Amino acid sequence: MTEPATPHCCVVCGSGDAETIWSVARTPMHAVRPTGMADIASGFGQLDIAACRNCGHLSNRAFDTDAADELYGALVLTNEPVSPGMIAAVDETAALIMRQLKQEPAVLEVGGGGGALSLALASRSARVDLVEPSRALQPERFAGTGVTLHRAMFPVPALAGRRFDAVVCRQVIEHVPEPAPFLAALRASLADDGIAYLELPSADDILRRHSIVDFHYPHVHYYRRAEMEILLARAGFAVAEVFDMKQGHDMGFLLRAAEPQAREARASSDISPPEFAAALAERRSRAAQRLAAIDGPIALYGANAYAQALLGLTPESTPFAAMFDDTASYAGRCVYGPAGEIAIEPPRGERLAGSAAIVIAAYLHDAEIARKITATGFRGRVYTLRAPGPDAPCLIASLFDP
């Protein structure tokens with residue numbers, strides 16, 4: 001492992017002492033990118049997942065902060081809701097937020113991706129301001145909707161001094177190298193009687209399930225609930241309610257404005273770096289053995305961060321013959337790894353039938369996808385990247401099963 005791209009200092013407790021628990025020397029920086037890029041060797045970074053020796057916080061010490069603006073301004077929008085389950089989840093989140101608000105609130109969403117949640121909120125709001133750095137998102141998409149797009153990194157000078165009845169930030173804080181000023185900017189945007197909603201992946205869940213594919217390059221930090229509550233209190237947020245989401249994979253915080261509190265991080269001993277590293281190595285070995293035992297073409301389903309992580313774990317060769325995804329905007333795009341590119345294509349029955357096995361990378365929606373695959377008449381094996389556990393749908397074998 002080479003030296004980290006930036007000096008490491010724990011964002012929770014301030015300690016500079018950390019221990020590597022997992023590393024990948026060359027992993028894709030993007031989940032999706034245009035096919036046939038001139039410099040196909042570019043677009044790779046490193047994972048050096050380290051646990052703070054004092055408080056146990058997990059972070060990627062090798063994340064290149066100097067390249068963050070370019071990474072998040074990429075020309076490909078990911079994680080757009082394309083299935084009934086994904087669309088329903090957006091609507092449920094919008095309803096959860098709106099239940100807390102007065103009539104026709106002013107809403108700020110930070111890091112809204114393709115804008116699906118902003119559009120859902122706009123139908124019940126006076127105005128929604130959406131801050132999203134991706135160059136793939138165009139203002140025309142929101143014409144006449146009540147959503148104003150600010151294509152920039154947050155905070156945005158154009159919104160300086162404005163305060164909102166609701167501030168929403170989903171699946172963003174884990175991407176932010178320095179969370180304290182980011183959270184302070186969110187707090188400064190919130191009206192005194194407003195509410196904020198913050199959603200992020202749960203490191204408690206990763207640690208519980210030993211989920212190796214949840215370590216992928218765009219995520220800088222991996223927060224446990226207690227760690228995030230410390231950072232929120234310091235920033236001036238009071239936690240009103242916490243939601244377990246997607247079977248514990250994510251956590252949602254409903255927040256109200258409060259005075260900042262000095263909160264100290266407690267020393268943690270619930271992570272054994274050697275044991276956790278050994279568990280992840282075993283996961284990687286099991287996946288390699290299972291893939292090697294499949295006789296025939298193997299396809300991936302779901303061009304997302306979990307496929308991105310998996311491709312970084314198979315550097316010698318790419319055992320995958322196809323990548324299927326339902327996102328129409330992925331036409332002309334590919335996933336990639338050290339072994340090369342795989343073009344993304346829609347899941348048509350004849351192409352699915354040509355695979356000996358399909359690995360569902362979009363594992364948070366694996367039951368829905370498995371039913372769709374089976375409905376085409378596919379008779380091969382179907383696996384999921386969901387780590388083994390009691391919450392795994394019983395009809396789908398995990399790629400990481402013993």
Side-chain angles (χ1 to χ4, degrees), residues 19-24 27-28 31 46-51 56-60 62-63 78-79 89 171 173-175 199-228 244-252 268 270-291 300-314 335 337 359-370 382-394 396-402:
E19 178 179 357
T20 295
I21 60 171
W22 183 246
S23 63
V24 179
T27 191
Q46 295 177 318
L47 290 184
D48 180 18
I49 306 300
H57 175 64
L58 301 176
S59 61
N60 179 17
F63 184 85
T78 58
N79 297 325
Q171 309 298 326
I173 190 66
E174 65 274 14
H175 298 263
E199 185 180 300
L200 66 155
S202 167
D204 293 302
D205 185 65
I206 295 173
L207 292 166
R208 177 178 63 86
R209 295 186 299 112
H210 298 156
S211 182
I212 190 172
V213 295
D214 275 275
F215 290 116
H216 41 80
Y217 187 82
H219 286 188
V220 189
H221 294 288
Y222 301 84
Y223 295 105
R224 292 173 292 177
R225 173 175 170 173
E227 296 166 357
M228 183 48 59
D244 282 331
M245 313 187 74
K246 300 174 186 173
Q247 298 175 315
H249 181 275
D250 294 344
M251 48 188 175
S268 174
D270 59 353
I271 298 176
S272 169
E275 291 179 8
F276 189 62
L280 294 181
E282 185 178 11
R283 288 274 195 263
R284 183 177 192 172
S285 176
R286 287 176 182 172
Q289 292 171 10
R290 192 176 289 274
L291 291 170
L300 287 168
Y301 199 123
N304 61 9
Y306 311 121
Q308 174 185 1
L310 181 66
L311 290 167
L313 297 174
T314 55
V335 296
V359 178
I360 300 175
Y363 77 75
L364 295 175
H365 311 282
D366 51 10
E368 183 178 358
I369 293 172
V382 176
Y383 298 98
T384 177
L385 292 188
R386 185 187 297 268
D391 59 344
C394 61
I396 311 171
S398 172
L399 194 67
F400 308 106
D401 275 337

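Counting begins at 1 with the first residue of the sequence. Computed from a predicted model, the values in this text were never measured in an experiment.
Contact annotation: the side chain of Met228 approaches that of Ile173 to within less than 4.5 Å [non-hydrogen atoms, C-beta and beyond]. Leu47 is not listed as a side-chain neighbour of Ser23, based on a closest heavy-atom distance of 4.5 Å or more. Residues Tyr301 and Val359 fail the side-chain proximity criterion, which asks for heavy atoms closer than 4.5 Å. Proximity of Leu58 to Ile21: side-chain heavy atoms (C-beta onward) are separated by under 4.5 Å at one or more points. The shortest distance between side-chain heavy atoms of His221 and Ser59 falls below 4.5 Å. Using a 4.5 Å heavy-atom cutoff, the side chains of His57 and Tyr223 are in contact. Looking only at side-chain heavy atoms (C-beta outward), Gln308 and Pro218 come within less than 4.5 Å of each other. A heavy-atom distance below 4.5 Å is not found between the side chains of Phe215 and Val24.
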- [ ] Check step by step if side chain to side chain contact (heavy atoms under 4.5 Å, CB included) holds for Glu199 and Met251.
- [x] CA-CA 6 Å; Glu199 185 180 300; Met251 48 188 175; over 6 Å; no
Open item on the list: Walk me through whether Arg224 and Leu207 qualify under side chain to side chain contact (heavy atoms under 4.5 Å, CB included).
Closed with: CA-CA 9 Å; Arg224 292 173 292 177; Leu207 292 166; 3.8 Å; yes
Task: Phe400 and Leu385: CA distance, side-chain angles, deciding distance, side chain to side chain contact (heavy atoms under 4.5 Å, CB included) verdict - done: CA-CA 7 Å; Phe400 308 106; Leu385 292 188; 4.1 Å; yes
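Ring geometry for Tyr306 versus Tyr363: interplanar angle of 30 to 60°, hence tilted.
Taken to the nearest 0.5 Å, the NE2 atom of His249 stands 12.5 Å off from the CG atom of Asp204. Distance NE2/His216 to CG/Leu310: 12.0 Å, rounded to 0.5 Å. Atom NE2 of residue His175 and atom CZ of residue Phe63 lie 9.0 Å apart, to the nearest 0.5 angstrom. Atom CZ of Arg290 sits about 5.5 Å away from atom CG of Asp401, to the nearest 0.5 Å. Taking CZ from Arg284 and CG from Leu313, the interatomic distance works out to 5.0 Å, rounded to the nearest 0.5 Å.
Closest of all the heavy-atom pairs between Arg208 and Asp205 is NH2-OD1, 2.6 Å. Across all their heavy atoms, Ile360 and Asp366 have their closest contact at CD1-O, 3.6 Å. Here the closest heavy-atom approach between residue Ile212 and residue Arg283 is recorded as CG2-CB, 4.1 Å. Looking at every heavy atom in both residues, Ala362 comes nearest to Asn304 through CA-ND2, 3.2 Å. Closest approach of Pro201 to His219, counting heavy atoms only: CG-CE1, 3.8 Å. Here the closest non-hydrogen pair linking Ala307 and Gly302 is CB-O, 3.5 Å.
Looking at residues two or more places apart in sequence or on another chain, you find a salt bridge (Lys or Arg N to Asp or Glu O under 4.0 Å) between Glu19 and Arg53.
A donor-acceptor contact shorter than 3.5 Å is absent between the side chain of Glu368 and the backbone of His365. Checked by atom type and distance alone, the side chain of Ser211 never pairs as donor or acceptor with a backbone atom of Ile206 at under 3.5 Å. Remark: side-chain polar atoms of Asn60 are paired, donor with acceptor, to backbone N or O of Asp48 under 3.5 angstrom.
With respect to the salt-bridge test (charged N to carboxylate O, under 4.0 angstrom), the residues Asp214 and Arg209 qualify.
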